[in-house]
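Please read the structure below before turning to the comments.
A note on names: the letters A, B, ... follow the listed sequences, proteins ahead of strands, and every chain is numbered from 1.
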There are 2 protein chains.
Amino acid sequence: MLIGEFAQAVGASKDTVRFYTRMGLLQAGERSAGQRHYATYAEDQAERFVFIEQCKALGFTLREIGDALTERDAGSLTALRQQELLEQKLRTIEERIASLRSAEGKLRAKLERTTR
Amino acid sequence: MLIGEFAQAVGASKDTVRFYTRMGLLQAGERSAGQRHYATYAEDQAERFVFIEQCKALGFTLREIGDALTERDAGSLTALRQQELLEQKLRTIEERIASLRSAEGKLRAKLERTTR
DNA sequence: GTAAACTGTGAACCATGGTCCATAGTCAAG
DNA sequence: CTTGACTATGGACCATGGTTCACAGTTTAC
């Protein structure tokens, strides 16, 4: 599958697919033609793409997803390790929520003073 | 007051002061010496700096703070207008919290499935 | 007179997640 | 043979909030 077909299949732009590939998130094969090399994407890369999107929805950065995929490819992404990563991320999300809630509280206090 | 003294007075780096000045958040005077021009900061700029920090703590971006300061300087930052800006910001903060909570919920669900 | 401490300028750089652009090779249909 | 559709490459660009750097003029102390 060339990039256009793959991008359409997963519902992303070709630029995004190229970007993910450069980041090492997706693995592309190569097909030569004259002086040019065209990237090809196998079926399993679509599953990989879905995995990436799910991780993104969980709040992971592309960098973190790349690291996790590398571990997965190496076979070292055990259930325990997965749990660890999820718990770490949960903590950082909770921190961010707490910091936003603090801003929210200050805003409400300020609003009350302003409205009063 | 030259930049070094001012920066120390407000507890920021000289680079930050220059950055804010370029952004239009702080207003500097000018003192010439030979071919060079040195920025000077009056007392009221320290209050301005405190205002900026408070706004940042409320979740406003530097751009938004700059706009608000411009309105304040023009005398058009009425209590009603302030309330409006605070309410707008409160809404965006709430949206961000909601989106983080969604990620949090998904993470917890995933953790439960993984741990089980 | 010279060295230290201060100042200015413009630009590049950091992370984040892409998008957009120009230039140019490849391939199939007409 | 030409046109259109596809592809690759490298780099610039967006927002955000600064930081760091090199190069160079100024001022103060000794």
Side-chain angles (χ1 to χ4, degrees), chain A residues 1-41 45 48-49 51-69 89 92-93 96 99-100 103, chain B residues 1-41 45 48-49 51-69 89 92-93 96 99-100 103:
Chain A
M1 225 179 338
L2 289 180
I3 195 171
E5 196 186 347
F6 179 75
Q8 194 157 26
V10 300
S13 76
K14 287 186 279 190
D15 281 313
T16 298
V17 173
R18 283 197 197 97
F19 184 68
Y20 284 7
T21 307
R22 269 207 306 282
M23 298 279 98
L25 298 178
L26 292 176
Q27 294 157 344
E30 208 173 313
R31 176 184 306 163
S32 294
Q35 323 163 9
R36 306 282 293 241
H37 304 281
Y38 295 93
T40 58
Y41 295 88
Q45 297 307 304
R48 215 173 160 91
F49 191 91
F51 178 77
I52 295 168
E53 297 228 297
Q54 284 169 351
C55 290
K56 276 184 58 181
L58 293 176
F60 289 94
T61 64
L62 296 188
R63 171 88 161 113
E64 290 166 337
I65 298 169
D67 291 348
L69 280 169
K89 183 52 67 180
T92 70
I93 298 268
R96 280 199 278 167
S99 128
L100 282 176
Chain B
M1 220 174 347
L2 288 180
I3 195 172
E5 195 185 347
F6 178 74
Q8 193 157 26
V10 300
S13 76
K14 287 186 279 190
D15 284 312
T16 299
V17 172
R18 282 196 198 98
F19 184 67
Y20 283 8
T21 306
R22 268 207 307 283
M23 297 280 99
L25 298 178
L26 293 176
Q27 294 157 343
E30 208 174 315
R31 176 184 306 164
S32 294
Q35 322 162 10
R36 308 280 294 239
H37 303 281
Y38 294 93
T40 57
Y41 294 88
Q45 296 308 303
R48 215 170 160 93
F49 190 91
F51 178 78
I52 295 168
E53 296 228 297
Q54 285 169 349
C55 290
K56 276 184 57 182
L58 293 177
F60 288 94
T61 65
L62 295 188
R63 170 88 160 114
E64 290 166 337
I65 299 170
D67 291 348
L69 279 170
K89 183 52 68 179
T92 71
I93 297 270
R96 280 198 277 167
S99 129
L100 283 175

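In terms of phosphate contacts, B:K56 brings a side-chain nitrogen or oxygen within less than 4.0 Å of OP1 or OP2 of D:dG18. OP1 or OP2 of D:dT19 lies within a sub-4.0 Å distance of a side-chain N or O belonging to B:S13. Remark: B:Y38 is not in phosphate contact with D:dT26, judged by side-chain N or O atoms under 4.0 Å from OP1 or OP2. OP1 or OP2 of C:dG8 has at least one side-chain nitrogen or oxygen of B:R18 nearer than 4.0 Å.
Considering all non-hydrogen atoms of both residues, A:I52 and A:L25 come closest at CD1-CB, 3.7 Å. Residues B:E64 and B:F60 approach most closely at OE1-CA, 3.4 Å, considering heavy atoms. Here the closest non-hydrogen pair linking A:G59 and A:R96 is O-NH2, 4.4 Å.
A parallel orientation is assigned to the rings of A:Y41 and A:F6, their planes being inclined by less than 30° (bins at 30° and 60°).
Rounded to an integer number of Å, the gap from CD1 of A:I3 to C1' of C:dT19 is 13 Å. One atom, CZ of B:F19, and another, P of C:dT9, lie 15 Å apart when rounded to the nearest Å. B:F49 has its CZ atom 8 Å from the P atom of D:dG18, to the nearest Å. Distance CD (A:Q35) to C1' (D:dA8): 12 Å, rounded to an integer number of Å. Regarding B:M1, its CE atom lies at a distance of 16 Å from the P atom of C:dC6, rounded to whole Å. Remark: P of C:dG18 and CZ of A:R63 are 16 Å apart, rounded to the nearest angstrom. With rounding to whole Å, A:E5 atom CD is found 11 Å from D:dC6 atom P. B:L26 places its CG atom 14 Å from the C1' atom of D:dG18, with the value rounded to the nearest Å.
Of the possible donor and acceptor atoms, one in the side chain of B:Q45 sits under 3.5 Å from a partner among the backbone N and O of B:Q27.
From B:K56, atom NZ reaches atom CD1 of B:I65 across 7.5 Å, with rounding to the nearest 0.5 Å.
Comparing A:A33 and B:K14 along DNA chain C, the residue whose closest nucleotide (by nearest heavy atom) sits nearer the 5' end is B:K14. Comparing A:Y41 and A:R22 against DNA chain D, the residue whose closest nucleotide sits nearer the 5' end is A:Y41. Heavy-atom nearest nucleotides on DNA chain C were determined for A:G34 and for B:L2, and the one closer to the 5' end corresponds to B:L2.
Side-chain atoms of B:L62 lie closest to D:dG18 of the nucleotides C:dC20, D:dG18, C:dG18. Of the candidates C:dT26, C:dT7, C:dT19, C:dT19 carries the atom nearest the A:D15 side chain, counting heavy atoms from C-beta on. Checking D:dT26, D:dG17, C:dG18 against every side-chain atom of A:T16, the shortest atom distance belongs to C:dG18.
Take A:E5 and apply the side-chain contact (heavy atoms from CB on, under 4.5 Å) test, not counting sequence neighbours, and it matches A:M1.
Axis orientation changes by 40° from one end of the helix from C:dG1-D:dC30 to C:dG30-D:dC1 to the other, with each end axis drawn from 5 pairs and the value rounded to 10°.
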CA sep, side-chain torsions, deciding dist, call: B:L58, B:K89, side-chain contact (heavy atoms from CB on, under 4.5 Å): CA-CA 8 Å; B:L58 293 177; B:K89 183 52 68 179; 5.6 Å; no
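On a pure distance criterion of 3.5 Å, no polar donor-acceptor pair joins the side chain of B:R36 and the base of D:dT26.
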